[in-house]
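Quick notes on the structure that follows.
Along the sequence shown, the residues carry numbers beginning at 1.
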Amino acid sequence: MSSTPVHDPARHVLVLGGTTEARRLAAALAVEPGVRVTSSLAGRVAAPRLPVGEVRIGGFGGPEGLARWLREHAVDALIDATHPFAGTISFHAARAAACAHVPLLALRRPGWGAQAGDVWHPVASLAEAAAVLPALGGRVFLTTGRMGLAHFAHLTDQWFLVRSVEAPEPPHPPRMTTLLDRGPFTLDGERELLRRHRIDVLVTKDSGAAATAPKLAAAREAGVPVVVVQRPPVPEGVPVAAEPDAAVAWVRALLG
């Protein structure tokens, strides 16, 4: 893990990571001639999947701290490849990049789209998701992660199956069973979860990606309504790439 400035003739790319796309991007950049890549992870997961190349773990201390790090470590390009719902760091990255005069790209996997047979209820936030649940069902499959369970803690009539990578901490719903698991998930596995736990409503974030999409297909087949929390916007003026290959092309054009 890198913690001190390193002077290197290679062009330095900082990837704000933690996603599958970020790991793929780091691996691709690591073999690019004349490019040095550092990946930064937030440190919220105890045993993260580490990318190829240099890695730093922990926050920067807000946009000012990130801007300082960009200058001190001679970063030539910044790529925000964080989770689509990690909105705060994305806006911090935009402010820091502007302050340090470092080009910024957002790498965002495409979101999901409703298909024929889907019964989706789009909402703008976890709080809004909690507000619509009582009218939709009493046995909830909650797949929004362990952060934000407080929004559902007041719902005493619903039973929740909460799936997350790590065990959640209070406050959380009083009637809750935790399923510790990490994707990718299979369609057969998701069908079985819905059947075994008699799920009658699914709550998810529009995180995109194939690894967690089978739950949507399983819900469609079972006629289970889905509460879909919409993504926060990418900061205005920040270009967006949908795939790691497009981000690599951006780096080549920028630094070549």
Side-chain angles (χ1 to χ4, degrees), residues 1-45 47-61 63 65-111 182-184 207-212 231 234-235 237-256:
M1 290 181 288
S2 62
S3 58
T4 58
V6 176
H7 299 287
D8 192 307
R11 308 298 294 274
H12 192 186
V13 179
L14 176 63
V15 176
L16 304 178
T19 60
T20 299
E21 291 78 17
R23 291 189 293 274
R24 287 172 51 198
L25 175 60
L29 291 176
V31 297
E32 282 289 306
V35 172
R36 170 183 160 226
V37 59
T38 299
S39 295
S40 177
L41 307 181
R44 291 177 181 160
V45 177
R49 296 173 179 172
L50 296 180
V52 173
E54 299 175 45
V55 178
R56 70 173 301 279
I57 296 178
F60 291 94
L66 176 54
R68 183 167 54 252
W69 201 96
L70 295 175
R71 296 190 197 98
E72 292 177 351
H73 293 259
V75 172
D76 298 287
L78 175 62
I79 300 179
D80 170 19
T82 56
H83 192 276
F85 282 85
T88 299
I89 183 60
S90 296
F91 282 88
H92 285 185
R95 289 175 55 189
C99 183
H101 304 290
V102 173
L104 169 64
L105 176 75
L107 174 57
R108 290 288 184 274
R109 68 183 73 138
R182 187 200 300 259
S207 56
T212 56
R231 296 179 175 191
V234 172
V238 176
V240 179
E243 297 288 343
D245 288 349
V248 172
W250 178 81
V251 170
R252 289 174 181 162
L254 181 70
L255 304 183

Looking at [X] and [Y], what are the two nearest heavy atoms and their distance?
| X | Y | value |
| --- | --- | --- |
| Leu16 | Phe60 | CD2-CE1, 3.9 Å |
| Arg71 | Cys99 | NH2-SG, 3.1 Å |
| Arg109 | Ser207 | CD-O, 2.8 Å |
| Leu78 | Ala97 | CD2-CB, 4.2 Å |
| Ala67 | Ala100 | O-CB, 4.0 Å |
| Val234 | Ala106 | CG1-CB, 4.0 Å |

Could you grab the distance from atom [atom1] of [X] to atom [atom2] of [Y], nearest 0.5 Å is fine?
| X | Y | atom1 | atom2 | result |
| --- | --- | --- | --- | --- |
| Glu32 | Leu255 | CD | CG | 9.5 Å |
| Arg231 | His83 | CZ | NE2 | 8.0 Å |
| Glu21 | Leu107 | CD | CG | 6.0 Å |
| His73 | Arg68 | NE2 | CZ | 10.0 Å |
| Leu41 | Arg49 | CG | CZ | 12.5 Å |

Backbone of Val13 reached by a side-chain donor or acceptor of Asp76 within 3.5 Å: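 No; judged by distance alone, with no hydrogens or angles, the pair does not exist.
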Give a yes or no answer on whether the side chain of Arg56 reaches the backbone of Gly58 with a donor-acceptor pair at less than 3.5 Å.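 The answer is yes, because a donor-acceptor pair under 3.5 Å joins these two groups.
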Taking side chain as C-beta onward, heavy atoms only, is Arg108 less than 4.5 Å from Asp80?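 Contact flag for Arg108/Asp80 side chains = yes.
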May I have the list of side-chain donor-acceptor pairs in residues 22-31 shorter than 3.5 Å, sequence neighbours left out?
from	atom 1	to	atom 2	distance (Å)
Arg23	NH2	Thr20	OG1	3.2

With sequence neighbours excluded, residues passing ring-ring contact (aromatic ring centres under 6.0 Å, His included) with Phe91: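 Residues passing ring-ring contact (aromatic ring centres under 6.0 Å, His included) with Phe91: none at all.
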If the test is side chain to side chain contact (heavy atoms under 4.5 Å, CB included), which one of Val37, Ile79, Leu66 qualifies with Leu14?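 One option only clears the test, and that one is Leu66.
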Between Glu54 and Arg36, is the closest basic N to carboxylate O distance under 4.0 Å?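 Here Arg36 pairs with Glu54 in a salt bridge, since their nearest N and O are under 4.0 Å apart.
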